[in-house]
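By convention here, the first residue in the shown sequence is residue 1. Fair warning: this is a prediction, and the values are worked out from it, not measured in the lab.
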Amino acid sequence: MDRRDTVIALLALGAATIAVEAQPGARVARIGYLSPNLASSPYLRDAFLQALRDLGHVEGRNVVIEYRDAEGKLERLPALAAELLALKVDVIFVAGGTRVTLAAMQATKTIPIVFAGVGDPVESGLVSTLARPGGNVTGLSSLGPELVGKRLELLKLAVPRLERVAVLYLPGALGERTDKEMLTGADVAARALGLRLQIVEARGPDEFARAFSDMSSGRAGALTVLPSNRFLREHRHLADLAAEKRLPAVYTSREFVDAGGLMSYGANSADLHRRAATYVDKILKGTKPGDLTVEQPTKFELVINLKTAKALGLTIPQSVLAHADEVIQ
């Protein structure tokens with residue numbers, strides 16, 4: 001979505017707001033929608049809105065949704081969260097990871113906050129426990145430390161003579177404990193598959209070129225990227241670098257594959273956003289967020305880009321394709 005389309009969309013939203021507020025009588029709910037970058041994954045917003053409609057909350061009829069978009073500039077998040085508070089929203093839905101949720105949490109200790117796709121909400125201090133979050137924050141976690149092993153298995157199947165795999169990760173992205181669990185899980189899975197790992201750190205885009213140079217020097221035959229919202233925001237950049245280095249890569253979410261990456265396997269983000277709508281619904285009906293259990297992913301998604309496989313000279317086994325949720329030709 002370009003800037004002109006964004007402006008048109010916001011004008012339409014404003015018109016919808018006026019239309020809703022013009023209707024007398026019925027109570028109109030006001031939902032704050034805080035996003036790090038709306039344009040990066042529009043299908044996730046669509047999934048959330050459709051789930052709300054299915055629950056009877058129709059934008060422009062009985063609910064107003066106040067959108068605030070950081071447009072990739074995360075330093076804007078505190079001010080955007082403050083704007084939502086000034087609008088007196090009933091609940092804030094966070095369409096992003098830990099940093100976005102923290103910005104909302106630091107802005108208010110009373111207005112309910114629902115997140116979708118946070119890595120480790122306990123270690124990051126968002127909730128007390130998964131079973132009893134307490135406070136005003138709850139939602140859905142996307143974390144699955146065991147998924148790193150599944151991704152390595154997929155690489156091994158796609159690249160049969162594979163011996164060495166680079167693991168790109170951002171230190172601290174998921175918290176010290178979760179980072180350690182993820183790397184330990186990768187090591188255990190690699191040993192079982194007869195693979196050797198090359199751990200490569202990158203804290204941001206300015207370190208990507210060096211990171212991929214290190215992979216080439218280390219003779220990595222493939223790449224797996226660990227979860228990080230910063231990496232997700234740079235999905236196109238990372239997919240382009242992997243293509244340039246001719247590295248078969250498996251990622252955490254479909255955005256990378258849509259941008260030309262080979263494969264992704266992870267929690268189904270659209271499903272997390274649909275389920276988050278049920279949290280919003282319950283809160284609007286009076287349930288306290290602290291009483292709503294933080295849930296884990298129940299649906300996972302394998303996406304394969306056959307065009308990329310062909311460019312890399314790979315033949316994806318039929319046994320792998322048969323399990324794919326989507327194959328991009």
Side-chain angles (χ1 to χ4, degrees), residues 33-45 47-48 68-78 80-81 92-106 113-127 137 139-145 147-148 151 167-179 181-183 200-208 211 223-239 241 249-259 261 264-273 276 294 296-297 301:
Y33 190 112
L34 185 61
S35 171
N37 194 340
L38 274 173
S40 66
S41 304
Y43 74 98
L44 296 179
R45 178 176 60 177
F48 176 74
R68 289 299 180 271
D69 180 12
E71 298 179 327
K73 301 173 183 176
L74 300 192
E75 66 276 6
R76 297 179 55 201
L77 287 169
L80 295 175
I92 296 174
F93 171 61
V94 176
T98 302
R99 185 169 174 181
V100 190
T101 308
L102 283 171
M105 187 177 177
Q106 289 162 4
I113 297 168
V114 175
F115 57 78
V118 165
D120 189 337
V122 176
E123 184 171 352
S124 58
L126 299 177
V127 300
V137 183
L140 295 116
S141 168
S142 61
L143 191 62
L147 297 181
V148 66
R151 295 185 190 109
V167 179
L168 183 66
Y169 97 110
L170 191 157
L174 300 174
E176 183 179 355
R177 182 190 67 188
T178 309
D179 279 355
E181 289 178 357
M182 197 78 68
L183 291 172
V200 181
E201 298 181 6
R203 290 173 171 78
D206 57 335
E207 296 186 10
F208 287 171
L223 165 68
T224 184
V225 177
L226 295 190
S228 160
N229 284 303
R230 186 169 300 175
F231 288 168
L232 180 57
R233 290 194 297 275
E234 297 290 335
H235 61 273
R236 192 170 302 279
H237 189 181
L238 288 170
L241 284 169
V250 61
Y251 303 93
T252 54
S253 61
R254 66 167 301 132
E255 284 83 354
F256 293 91
V257 184
D258 290 335
S264 67
Y265 183 74
N268 186 312
S269 296
D271 182 63
L272 293 179
H273 279 64
V294 174
Q296 304 280 8
E301 182 179 47

Point to revise | Student check: side-chain heavy atoms of Leu140 and Asp271 closer than 4.5 Å | key: no
Point to revise | Any Met182 side-chain heavy atom under 4.5 Å of Pro227 side chain | key: yes
Practice item. Looking only at non-hydrogen atoms, find the nearest pair between Thr101 and Gly96 and report the distance. Key: OG1-O, 4.3 Å
Exercise for review: Return the set of residues passing side chain to side chain donor-acceptor pair (under 3.5 Å) with Thr224 (not counting sequence neighbours), or none when no residue passes.
Suggested key: none
Point to revise | Set of side chain to side chain contact (heavy atoms under 4.5 Å, CB included) partners for Pro121, sequence neighbours left out | key: Phe115, Val118, Leu126, Val127, Leu130, Ser141, Val294
Check your understanding: Under the salt bridge (charged side-chain N to carboxylate O under 4.0 Å, His left out) test, which residues partner Arg230, sequence neighbours left out?
Key -> none
Practice item. For Ala270, check side chain to side chain contact (heavy atoms under 4.5 Å, CB included) against everything at least two apart and list the hits. Key: Tyr43, Leu44, Ala47, Asn268, Arg274
Practice item. Please name the pair of heavy atoms, one in Asp179 and one in Ala173, separated by the smallest distance, quoted to 0.1 Å. Key: OD2-N, 3.8 Å
Exercise for review: Please report the shortest heavy-atom distance between Ala211 and Val200, naming the atom on each side.
Suggested key: CB-CG1, 3.6 Å
Exercise for review: Determine yes or no for a side-chain-to-main-chain donor-acceptor pair under 3.5 angstrom, with Glu123 supplying the side chain and Arg177 the backbone.
Suggested key: yes
Point to revise | Counterpart residues, side chain to side chain contact (heavy atoms under 4.5 Å, CB included), relative to Asn37 (two or more places apart) | key: Ala39, Ser40
Review point. What residues form a salt bridge (charged side-chain N to carboxylate O under 4.0 Å, His left out) with Arg203, not counting sequence neighbours?
Key: Glu201
Exercise for review: State, to 0.1 Å, how close Pro78 and Ala103 come at their nearest heavy-atom pair, and which atoms those are.
Suggested key: N-CB, 4.3 Å
Point to revise | Polar side-chain atom of Glu301 near backbone of Ser253 as donor-acceptor pair, under 3.5 Å | key: no
Check your understanding: Hey, what's the ring geometry for Phe256 with Tyr251, parallel, tilted or perpendicular (30° and 60° as the breaks)?
Key -> parallel
Exercise for review: Could you walk me through whether Arg68 and Arg76 pass the side-chain contact (heavy atoms from CB on, under 4.5 Å) test, one step at a time?
Suggested key: CA-CA 10 Å; Arg68 289 299 180 271; Arg76 297 179 55 201; over 6 Å; no
Check your understanding: Excluding sequence neighbours, so at least two apart, what forms side chain to side chain contact (heavy atoms under 4.5 Å, CB included) with Glu234?
Key -> Pro205, Phe208, His237
Review point. How far does CG of Leu168 sit from CG of Leu238, to the nearest 0.5 angstrom?
Key: 6.5 Å
**Study point:** ring pair (Phe, Tyr, Trp, His ring centres under 6.0 Å) partners of Phe93, counting only residues at least two apart
**Key:** Tyr33, Phe48, His273
Review point. Could you state the interatomic distance from OG (Ser142) to CG (Asn229), rounded to the nearest 0.5 Å?
Key: 7.5 Å
Exercise for review: May I ask you to check whether over 12 heavy atoms, not counting those of Glu75, lie within 6.0 Å of atom CD?
Suggested key: yes
Revision key, fill the gap. The side chain to side chain donor-acceptor pair (under 3.5 Å) partners of Gln106 (sequence neighbours excluded) come to none
Practice item. Using modelled atom types only, decide if a donor and an acceptor are shared between the side chain of Asp120 and the backbone of Thr178 within a distance under 3.5 Å. Key: no
**Study point:** Smallest separation among heavy atoms of Thr98 and Ser124, with atom names
**Key:** CG2-CB, 3.6 Å
Exercise for review: Begin with the C-alpha distance, continue with both residues' side-chain angles, and end with the deciding distance and a verdict on side-chain contact (heavy atoms from CB on, under 4.5 Å) for Leu183 and Leu226.
Suggested key: CA-CA 9 Å; Leu183 291 172; Leu226 295 190; 3.8 Å; yes
Check your understanding: Nearest heavy-atom pair of Ala116 and Ala276: which atoms, and what distance?
Key -> CB-CB, 4.1 Å
Exercise for review: Under the salt bridge (charged side-chain N to carboxylate O under 4.0 Å, His left out) rule, collect the residues that match up with Asp258, sequence neighbours excluded.
Suggested key: Arg254
Practice item. Sequence neighbours left out, what passes salt bridge (charged side-chain N to carboxylate O under 4.0 Å, His left out) with Arg99? Give chain and number order. Key: none
Point to revise | Set of side chain to side chain donor-acceptor pair (under 3.5 Å) partners for Thr252, sequence neighbours left out | key: none
